[in-house]
Engineer: 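The structure's right below; bear with me while I get my questions together.
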Amino acid sequence: MIKFMKYFCLMLLCNLLMFSLAYGQEPIDGVVIGNNVNVRQEPKIESAVLNTLKLGEYVHILNSSGEWYGIALNDENIGWVHNKLVVTVNKEKDLIKKGIVTANTLNIREQPDLTMGTIGKLYKGTQVTIIDKKAEWYAINVDNRQGWVHSDYIKIKPNYKTAKITGNNVNVRKDPSDTGEIIDSLSVDNYVQVKDFKDDWYCIILKENQEGWVYKDYLTIVLEDTQASRGMSRSALGIKAVTIAKEQLGKRYVYGAMGPNTFDCSGFTSYVYKKIGIKLPRASREQSRAGQKVSKSNLRIGDLVFFDTNGGNNGNVSHVGIYIGNGQFIHAATGRRRITITDLNSSYYRGRFVTARRFF
């Protein structure tokens with residue numbers, strides 16, 4: 001019996017060593033924050049499903065690829081889960097982080113060295129996904145290839161997950177309980193940031209950093225790498241549009257410009273929509289007459305919002321932006337002379353809102 005136990009322990013140690021050698025790092029503990037999360041054979045959304053994980057289930061992270069975590073399965077194989085659906089228990093060992101560009105213009109280099117060639121530029125306020133680090137450099141994904149940016153110009157931000165409300169008039173409660181005080185109510189397709197979870201409840205960030213709790217059945221974590229195609233769902237197209245729009249943050253406003261480096265307001269919306277396969281009329285006034293009219297209270301991510309910025313609001317459209325959720329829109333702002341994000345209910349824009357239109 002003792003001989004058998006020694007043999008068993010030796011075999012277990014060998015298996016652990018093989019895992020360590022295969023993946024080049026110690027396993028990192030993670031916890032699933034999605035509900036019924038698919039584990040896939042390869043790190044891509046269309047890959048075959050190997051297993052399903054429940055909210056709160058713990059996993060061992062062995063590897064990473066892009067925005068996917070490779071986790072240990074019971075049969076000693078590896079499966080892949082999108083990193084938005086798993087958070088690491090030890091934040092210091094997080095393989096994938098989010099960052100915000102702090103420089104006005106930041107070069108993306110081929111290798112982590114100031115003497116190496118550049119493969120692109122980023123602008124102030126742009127959000128990036130950090131997938132690796134070497135000394136004072138961060139590796140990021142650029143058009144499905146790896147590039148490097150200096151860490152002095154990137155501010156690490158909390159890796160909150162984006163989620164979509166899936167029910168109508170969903171109660172947000174002060175505590176994670178059916179008897180908790182109701183502090184807000186959210187409509188279907190509203191987008192929120194998930195900070196944490198407890199039992200069957202998600203802790204979300206509301207306006208002004210207020211926190212509240214939503215039951216798991218009325219919220220789903222959003223993945224941003226859904227394939228872009230004409231057959232995409234409405235929500236996926238909206239996410240794609242907002243992702244493209246945010247990549248332009250900080251670029252300059254120039255009257256009559258349609259990108260890719262400078263924009264006016266309708267040139268910006270036309271550029272973004274063209275990227276998702278939708279052709280818009282050129283001018284903001286013409287755009288406001290196309291698509292389907294929607295109310296301000298029923299906005300979805302990706303909808304266009306229109307304003308009268310020429311004096312009193314008499315219904316004449318002169319400005320346009322893209323709704324990004326949480327009561328905010330992104331636009332080429334004439335006053336700030338750049339692509340920026342603004343609250344729909346800010347003192348300037350609240351009284352100048354004219355209409356909103358939906359195109360998908």
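Positions are given from 1, in the same order as the sequence printed here.
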Engineer: Is the shortest side-chain heavy-atom distance between V294 and D303 below 4.5 Å?
Structural biologist: yes
Engineer: For D308, is there an ion pair with R352 - N to carboxylate O distance below 4.0 angstrom?
Structural biologist: no
Engineer: Any chance you could measure T269, atom OG1, to I330, atom CD1, to the nearest 0.5 Å?
Structural biologist: 11.5 Å
Engineer: F359 and L280: which non-hydrogen atoms are nearest, and at how many Å?
Structural biologist: CE2-CD2, 3.5 Å
Engineer: Got a second to check how far F360's CZ is from Q292's CD, nearest 0.5 Å?
Structural biologist: 11.5 Å
Engineer: For D199, enumerate each residue passing the side chain to side chain contact (heavy atoms under 4.5 Å, CB included) test, keeping only those at least two apart in sequence or located in another chain.
Structural biologist: none
Engineer: Is the ring centre of F353 less than 6.0 Å from the ring centre of H319?
Structural biologist: no
Engineer: Classify the ring geometry of F329 against Y349: parallel below 30°, tilted from 30° to 60°, perpendicular beyond 60°.
Structural biologist: perpendicular
Engineer: What residues form a ring-ring contact (aromatic ring centres under 6.0 Å, His included) with Y202, not counting sequence neighbours?
Structural biologist: none
Engineer: Can you sort out the partners of R40 under side chain to side chain contact (heavy atoms under 4.5 Å, CB included), two or more places apart, ordered by chain and number?
Structural biologist: N38, I45, S47, V49, W68
Engineer: Output the distance between atom CD1 (I71) and atom CD1 (I61), rounded to the nearest 0.5 Å.
Structural biologist: 8.0 Å
Engineer: Considering only NZ, NE, NH1 and NH2 on the basic side and carboxylate oxygens on the acidic side, decide whether K54 and D200 come within less than 4.0 Å.
Structural biologist: no
Engineer: Yes or no on side-chain hydrogen bond (donor to acceptor under 3.5 Å, both in side chains) for S266 and Q287, after CA distance, side-chain angles and deciding distance?
Structural biologist: CA-CA 8 Å; S266 56; Q287 291 178 8; 4.8 Å; no
Engineer: Is the centre of the F263 ring less than 6.0 Å from the centre of the Y253 ring?
Structural biologist: no
Engineer: Could you pull out the closest heavy-atom pair between Q248 and I244, with the gap in Å?
Structural biologist: NE2-O, 3.0 Å
